[in-house]
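Since this is a predicted model, take the numbers as computed values, not measurements. Heavy atoms only: backbone and side chains are in, while hydrogens, waters and symmetry mates are out.
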Amino acid sequence: MSAHQKIRVKLVSEAAEYVTVSHVVQRDFTLHELVEVILPVVGTDASRIRQMMRVGTISTGDYRYRWEGVEVGAEELNAILETLPRAEPQRPFEPERVIVVRFRRGQETLDLPRESAARKALFAKQSFWEGLLGLASKGLRYADYSHADKADVFSLTVDAETWQNLRGLLPLLKPKSAAERLERLRPETIEWLSRR
């Protein structure tokens, strides 16, 4: 199959229920674009990606993608995978590139956009974001590249001391409901998602 050949894909909302009428959208994807849709679900395992291409369906959170199954050659797929971003453990942490801070406990997460975290309350000496950066200076490590988020992930394990420091920052977080949700979550890790 040619890398420039278009594949007709139907997108169906997974949020649709039996009472709801769901609108089906059809869109033409290149092979490269379709591989990017599959990556967050199955990872970079070429044999699994080829299998999904043959099956012709994949579900990614909000949508189910369907297409007529296609056979993709190993060389062609490997050439596409070589062009895509991958984990770079030597990549330095650059706070100005962070788009989201994700607080995680098991499978439960709370995402906080950097702009929200960086808001400084009137008369406050620092913002919640600046306080988080202080926490990041103690043990932050490169974790992985997330194809779902299209970002590098830097992670910090939240031990008892880090949790106490994080709780001390909560009054800086606005709105108050976000601070309450974060306190209820009591995260095990904090992840900084950084765009390249």
### Message
Quick check on the hydrophobic clustering: are Val9 and Val55 connected, directly or via other members, by side-chain heavy-atom contacts under 4.5 Å?
### Response
no

### Approximate separation, where rounding is to 0.5 Å, of Thr109 OG1 and Leu185 CG
8.0 Å

### Query
Are Asp152 and Arg97 close enough that some pair of their side-chain heavy atoms sits under 4.5 Å apart?
no

### Closest non-hydrogen atom pair between Pro85 and His147, with its separation
O-CE1, 3.0 Å

### Task
Flag yes if Leu112 and Phe93 sit in one hydrophobic cluster, no otherwise; membership is Ile, Leu, Val, Met, Phe, Trp, Tyr, and two members link when side-chain heavy atoms are under 4.5 Å apart.
yes

### Query
Gln26: what forms a side chain to side chain donor-acceptor pair (under 3.5 Å) with it, not counting sequence neighbours?
Arg8

### Task
Could you pull out the closest heavy-atom pair between Leu173 and Ala178, with the gap in Å?
CD2-C, 3.9 Å

### Task
State whether the side chain of Glu183 and the backbone N or O of Arg167 hold a donor-acceptor pair below 3.5 Å, judged by distance alone.
no

#### Entry: Minimum heavy-atom distance Ala87-Asp144, with the two atoms named
CB-OD1, 3.5 Å

### Task
Could you walk me through whether Arg50 and Leu77 pass side-chain contact (heavy atoms from CB on, under 4.5 Å), step by step?
CA-CA 8 Å; Arg50 291 178 70 209; Leu77 181 57; 3.3 Å; yes

### Task
Find out if a path of hydrophobic residues (ILVMFWY) with successive side-chain heavy-atom gaps under 4.5 Å connects Phe29 to Val72.
yes

### Task
Using the side-chain contact (heavy atoms from CB on, under 4.5 Å) rule, take Leu172 and Trp129 through it: C-alpha gap first, then chi angles, then the decisive distance, then the call.
CA-CA 9 Å; Leu172 301 172; Trp129 170 253; over 6 Å; no

### Message
With rounding to the nearest 0.5 angstrom, report the CG to CZ distance, Asp111 to Arg104.
### Response
8.5 Å

### Query
Looking only at atom types and distance, does a side-chain atom of Asp45 sit under 3.5 Å from a main-chain N or O of Ser47, one as donor and one as acceptor?
yes

#### Entry: Whether over 12 other heavy atoms sit under 6.0 Å from Arg27 CZ
yes

### Query
CD of Gln164: more than 12 outside heavy atoms within 6.0 angstrom?
yes

### Task
Indicate yes or no for a side-chain donor-acceptor contact from Thr57 to the backbone of Tyr65 under 3.5 Å, with no hydrogens or angles considered.
yes

### Query
Can you tell me if CD on Glu96 sees more than 12 non-hydrogen neighbours from other groups inside 6.0 Å?
yes

### Message
Restricting to non-hydrogen atoms, name the atom on Leu81 and the atom on Arg86 that form the minimum distance, rounded to 0.1 Å.
### Response
O-NH2, 3.3 Å

### Query
Which residues satisfy the side chain to side chain donor-acceptor pair (under 3.5 Å) test with Asn165, sequence neighbours excluded?
none

### Task
Determine whether Tyr145 and Ile49 fall in the same hydrophobic cluster, where Ile, Leu, Val, Met, Phe, Trp and Tyr are linked whenever their side-chain heavy atoms lie under 4.5 Å apart.
no

### Query
Are any side-chain N or O atoms of Arg195 and backbone N or O atoms of Lys150, one a donor and one an acceptor, separated by less than 3.5 Å?
yes

### Query
So, for Val42 and Arg48, which heavy atoms are closest and what is the spacing to 0.1 Å?
O-NH1, 3.4 Å

### Message
Any side-chain to backbone donor/acceptor pair from Glu82 onto Ala79? Under 3.5 Å, distance only.
### Response
no

### Task
Determine, using the 4.5 Å side-chain heavy-atom cutoff (strictly less than), whether Val98 and Val153 are members of one ILVMFWY cluster.
no

### Task
Find the distance between CE (Met52) and CD1 (Ile38) and round it off to the nearest 0.5 Å.
6.5 Å

### Message
How long is the straight-line distance from OG of Ser59 back to CZ of Arg64, given to the nearest 0.5 Å?
### Response
4.5 Å

### Task
Please assess Leu169 against Leu135 for the test side-chain contact (heavy atoms from CB on, under 4.5 Å), listing each intermediate value before the final yes or no.
CA-CA 10 Å; Leu169 296 173; Leu135 294 178; 4.0 Å; yes

### Message
I'd like to know if the side chain of Tyr142 reaches the main chain of Gln90, judged simply by a donor and an acceptor atom lying under 3.5 Å from each other, with no hydrogens or angles considered.
### Response
no

### Query
Distance under 6.0 Å and angle within 45° of the ring axis: does Arg105 meet both against Phe103?
no

#### Entry: Heavy-atom pair of closest approach, residues Leu166 and Pro187
CD2-CG, 3.9 Å

### Verdict with supporting geometry, Arg54 and Glu71, side-chain contact (heavy atoms from CB on, under 4.5 Å)
CA-CA 6 Å; Arg54 283 191 298 271; Glu71 190 65 43; 3.0 Å; yes

### Query
Looking only at atom types and distance, does a side-chain atom of Trp67 sit under 3.5 Å from a main-chain N or O of Met53, one as donor and one as acceptor?
yes

### pair Glu191-Leu193: side-chain heavy atoms closer than 4.5 Å
yes

### Task
Run the salt-bridge test on Asp149 and Arg102 with the 4.0 Å N-O cut-off and return the result as yes or no.
yes

### Query
Taking everything shown except Lys174 itself, do over 12 heavy atoms lie less than 6.0 Å from its NZ?
yes

### Query
Under a 4.0 Å N-O cut-off, is there an ion pair linking Lys138 with Glu161?
no

### Lys120 vs Glu130 side-chain heavy atoms within contact, under 4.5 Å
yes

### Message
Would you say that Thr157 contacts Thr162 through its side chain, given a criterion of any heavy-atom pair below 4.5 Å between the two side chains?
### Response
no

### Message
Just verifying a value: how many Å separate Phe154 CZ and Glu94 CD, rounded to the nearest 0.5 Å?
### Response
7.5 Å

### Task
Measure the OG-CG distance between Ser177 and Leu182 for me, rounded to the nearest 0.5 Å.
11.5 Å

